[in-house]
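These notes concern the structure reproduced below.
We name chains A, B, ... by the order of the sequence lines, and we start the count at 1 in each one.
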Amino acid sequence: MAENTTENNLNTTRGTLLAVDGHSLAFRAFFALPVDNFSTESGQATNAVWGFATMLSQVIDAERPDRLAVAFDVKGGTFRNRMLPQYKGTREAAPEELLTQLPLIQEMLAAMGVTYIEKPGYEGDDVIGTLATMGEAAGYHTLVLSGDRDAFQLVDDNVTVLYPGHHFKDLKRMTPAAVFDKYKVTPAQYPDLAALRGETADNIPGVPGVGDGFAAKWINQYGGLDGIIAHADEIGGKKGEALRANLEQIRLNRRVNALVRDVDLGVTVDDLAFGHVDAARVDDLFARLEFGSRTRARILRSFNGGELPKAAGKTEPAAGQENGLAAATPQRIDDAAALEAWAGRWMPEADATPSGTRNDPDATAATAATAPDAPGLAIDADLACADALARRWTLDATGSAKPGQARLETLVLAANGHAAVLRAPLDPALAKATQRLIDTHAGTMTVHGAKEHMHLLAAAGLTMPLPMLDTKLAGYLVQPDFHADDLTHAAAHFLDIHLDEEPEATQGQLDLGDGAAGDEAADEPDGRREATRAAIVDALAAAFGPTLDERRQYGLLKDLELPVSRVLGDMERQGAQVDATRLAAMRDGFAADAEQAQRIAWDAAGDRINLQSPRQLAKVLFEDMGLKPTKRTKSGSYTTNAAALQELYLRASGDERAGDFLGAVLRHRETNKLKQIVQTLIDATNPADQRIHTTFEQTVAATGRLSSVDPNLQNIPNRNAAGREIRAAFVPGEGYTALMSCDYSQVELRIMAHLSGDEALIEAFRSGADFHRYVASLVYGIPVDQISADQRSHVKAMSYGLAYGLSTYGLAQQLRIAPREAEVLKAQYFATFGKVHDFLESCVADARRKGYTETMFGRRRYFPGLKSPNRATREAAERGALNAPIQGTAADIMKIAMVRAEAALRREGLASRIILQIHDELVVEVAPGEEHAVTAAITDAMEHAVTLAVPLDVSSGIGADWQLAAH
DNA sequence: TTGAAAACGTA
DNA sequence: CGTACGTTTTCAAG
């Protein structure tokens, strides 16, 4: 799918030339990195060199240019100084610490085999302009990496400027559209605009009081600088006066900022190949600069194109509008009448046709296991979206979608190439009309992130019906391990459309409008940005719809993921009530414990080290105290994790000082962690309602599970008593009397029993006995009542390890038994449950053949790593492929249960509500008098979410807080 | 300033 | 040398 959209750019297939403005890049690097942190023993500053190399290598990695040249300014001035004596007066005063690094940068480039060009009498910019001209003539697409805005005049269909934003990492792609977007003039007109405005960085004065806005207005009014000068008398006001007073300066500015594009460089573009690194020279230079080995490896790899083969036929994608994205025509809508007029003209007809139609009525096998008697939910694999897709329209909102504090900024309805752009706040009549329009057309609505839109719309008093297609969820089903951060990323990845970041709004968001969007949207009242967003959603829908139909996954989207997203949205909006007083008390208690442990540790160590620093800890343990290390971390240092510290503690029984220290560190680790968790919860509590509104991520976990962020409420301690106390701070809110917790027991094992068809394992579950004891008796061939605690726990660990691809080594490690013993256990286990073994093997084999795994409900996960020549990579993929169908099916089942559970609560008119999901557990806030009905409803929804060869066992508990609801 | 690593909480 | 996550903290980058 990615390839399809690049066909429009056949004019750029020759290759890519990267032309770099060396001085401007060095400047950026110098000011971005603290010089104190980057200097050699002898005091030579290296921050600019390091930053330059890093930036350039990042751009090379991202763009894979075929040709590369770096242009530098030359001392001694240019024709510009003769015209304008003060020219670059400020820049000449560059700090000494930067100037001394320029020769080093050039030396590095030479060693890297990169051509750099200096031309006496000209600036680097002129060289760049010339390179762009030459590149164009030779059929290259040219990328100009420069922090100098004068370069914008070079931009055209074949020249893109990469302009560093506030953080040097995020480069803006300045295409013709992007330049126009930002300045409202064409790239060719940019020098006119700059002449009027001036350039403080180059010490060039413009017309006082005239900025980009006025300059653009005049240029568009009079066609350009010549026109403005000719009509200078017609411009009134103070600004007109200022203009007339500075005409000479402006003319001069314009002559100075025009880049020379025909310098004789003495090279051709074809000469600018690179990739022949002189490793010895690089090593020598890096040694002098005291760069580390990691830097060296990273930089060398980028420049030495040989190691990373170029993608064949890679073309430079142009931005946005030039690349097959037909942006909608925006129209600002301010009242209900205007909206209705717009809708009458552009919206597709609403009709009662459901958003999915039966595609394949003859298909038999596809409707994956569903509960036959389950009201409300069946996942229909025959459901197709092709028909509805043809009549689709897009809803897109921006603002902050954070649950509990959502805020709507803009609302766009787009169809047939036209976009109605609404800005919050909406007056009541407009809100009502909008709601009606959305509701009547929900069956053909496409949206990116229905759940986020629920929050955004709710902030304006609107409700969000479920759409026909959610492109965020669709992208997740299509490729669950790709995580698009926002709409721009999704467009880049799935459509190969590279939009420019929103200029200036660095922290933020051209994304869904969630997060901390600035007020930039208001700067662009024309709605172009909004229309572009809608066009992306539309293009994504056009791409995903057919893919889902082909894969028969539309039912999974429509019948499962979309309903789940509504349930999750409700849960997020409700939030979970916490007892702030209790949390504060816990925090103080844990803090006191941690402090005491720290004191003891410091006394024993004789040094006030930072106990939270593994490095400092390792130094004390393995150097000062001379203890023998246990294991290493994956980067080679000695681990100081809890398991290692325990081991050391056991060994150090004779050494009192080490024993005290280790004990104290362990206690500090535990209590400090708990303190941190509690503090995070305190910080996340919404002061308005004393509730914590987490966000459930529905498109992050590659297996199909949910995750929880900001804060994560799926990792509240539960394993030991001290941590579990934290759950006592989760309480029912006003108008509710209890919390109920319901969880599946051994779902994943039950799924394995079902999917493998292993009679012995199925019987183990049907018998209703103590499962692990029962399994142990089979494995060891001993009567159930003679199974020891050890035997039971060993078998239990084995059972749980199965679904993870546990090795005998790992099993031995965990059970603290000999590897040989673990091997015997594993052999015995598989002898008893042969079909389980076969099933696990078949998961991997199927995945190797098809390229992906599948859950019971058709959720896929792709595993390209199965074909890797690298053993570690391959084996990791194998474990993933073994686990994904099991973990994924469990996730599917819980999602079905959630939808059924909420439907049941509503059907029975209960006020109780689901507030949390922790993978196999649901937490419900229970209204007075509903204890019994809620327990029955939720338990039933979970137990009968799906019919398997084994029963689904659900246990529940209810109490005055989450801890007391344990069972 | 950024990103990786280490640690540790959950299922 | 067991899967799937998220958060906090430190520290290197030199």
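Under the 3.5 Å distance criterion, with hydrogens and angles disregarded, no donor-acceptor pair is assigned to the side chains of A:Asn672 and A:Gln676.
Under 4.0 angstrom from either OP1 or OP2 of C:dG6 there lies at least one side-chain N or O belonging to A:Ser707. Applying the 4.0 Å criterion to OP1 and OP2 of B:dA6, one finds that A:Ser637 has a side-chain N or O inside that range. Of the side-chain N and O atoms in A:Thr680, none sit less than 4.0 angstrom from OP1 or OP2 of C:dT7. Checking the phosphate oxygens (OP1, OP2) of C:dG2, a side-chain nitrogen or oxygen of A:Ser807 falls inside 4.0 Å. Side-chain nitrogen and oxygen atoms of A:Ser708 include none within less than 4.0 Å of the OP1 or OP2 phosphate oxygen of C:dG6. For A:Thr640, a side-chain nitrogen or oxygen approaches OP1 or OP2 of B:dA7 to under 4.0 Å. Within the 4.0 Å cut-off from OP1 or OP2 of C:dT3, not a single side-chain nitrogen or oxygen of A:Gln887 is found. One finds no side-chain N or O of A:Arg879 lying less than 4.0 angstrom from the OP1 or OP2 phosphate oxygen of C:dC1. Taking side-chain N and O atoms only, A:Asn610 has a distance below 4.0 Å to OP1 or OP2 of C:dT10. Distances shorter than 4.0 Å separate none of the side-chain N or O atoms of A:Arg615 from OP1 or OP2 on C:dT10.
Atom-to-atom, CG of A:Leu806 to C1' of C:dA4 comes out at 15 Å; the value is rounded to the nearest Å. Look at CG on A:Asn641: it is 13 Å from C1' on B:dA5, rounded to the nearest Å. Put simply, CD on A:Glu670 is 17 Å from P on B:dA7, counting in whole angstrom units. Atom CG in A:Leu617 sits roughly 13 Å away from atom C1' in C:dT10 (whole-Å rounding). Rounded to whole Å, the distance from CD on A:Gln746 to P on B:dA11 is 14 Å. Straight-line distance from the NZ atom of A:Lys673 to the P atom of C:dT9: 9 Å, rounded to whole Å. Look at CG on A:Leu706: it is 11 Å from C1' on C:dC5, rounded to the nearest Å.
When heavy atoms are screened at a 4.0 angstrom cut-off, A:Asn47 is found touching no nucleic acid atom at all. Within 4.0 Å (heavy atoms only), A:Arg861 reaches sugar-phosphate atoms of the nucleic acid but no base atom. Nucleic acid contact for A:Ala702: sugar-phosphate only, since backbone atoms but no base atoms lie under 4.0 Å from a heavy atom of the residue. Residue contacts for A:Ala642: at a heavy-atom cut-off of 4.0 Å it reaches the sugar-phosphate backbone alone, with no base atom in range. Among the atoms of the strands shown, only primed sugar atoms or phosphate atoms (P, OP1, OP2) are found under 4.0 Å from some heavy atom of A:Leu289. Nucleic acid contact for A:Gly810: sugar-phosphate only, since backbone atoms but no base atoms lie under 4.0 Å from a heavy atom of the residue. When heavy atoms are screened at a 4.0 angstrom cut-off, A:Thr808 is found touching no nucleic acid atom at all.
To the nearest 0.5 angstrom, A:Thr855 atom OG1 is 6.5 Å from A:Leu556 atom CG.
With hydrogens and angles left out, the side chain of A:Arg669 and the base of B:dA7 share no donor-acceptor pair within 3.5 Å. For C:dG2, the base has a donor-acceptor partner in the side chain of A:Gln814 [N/O atoms by modelled type, under 3.5 angstrom].
No side-chain donor-acceptor contact under 3.5 Å links A:Gln917 to the backbone of A:Val923.
Here the closest heavy-atom approach between residue A:Met752 and residue A:Leu802 is recorded as CE-CB, 3.9 Å.
Separation of the P atoms belonging to B:dA5 and C:dC1 is 14 Å when rounded to the nearest angstrom.
In summary, A:Arg859 and A:Asp892 engage in a salt bridge, as defined by a charged side-chain N under 4.0 Å from a carboxylate O.
In this structure, A:Arg296 is not positioned above the aromatic face of A:Phe286 in the sense of NZ or CZ being under 6.0 Å from the six-membered ring centre and within 45° of the axis.
Taking the six-membered ring for Trp and the full ring otherwise, A:His754 and A:Phe765 have centroids separated by 6.0 Å or more.
The residue among A:Asn715 and A:Lys634 whose nearest nucleotide of DNA chain C lies closer to the 5′ end is A:Lys634.
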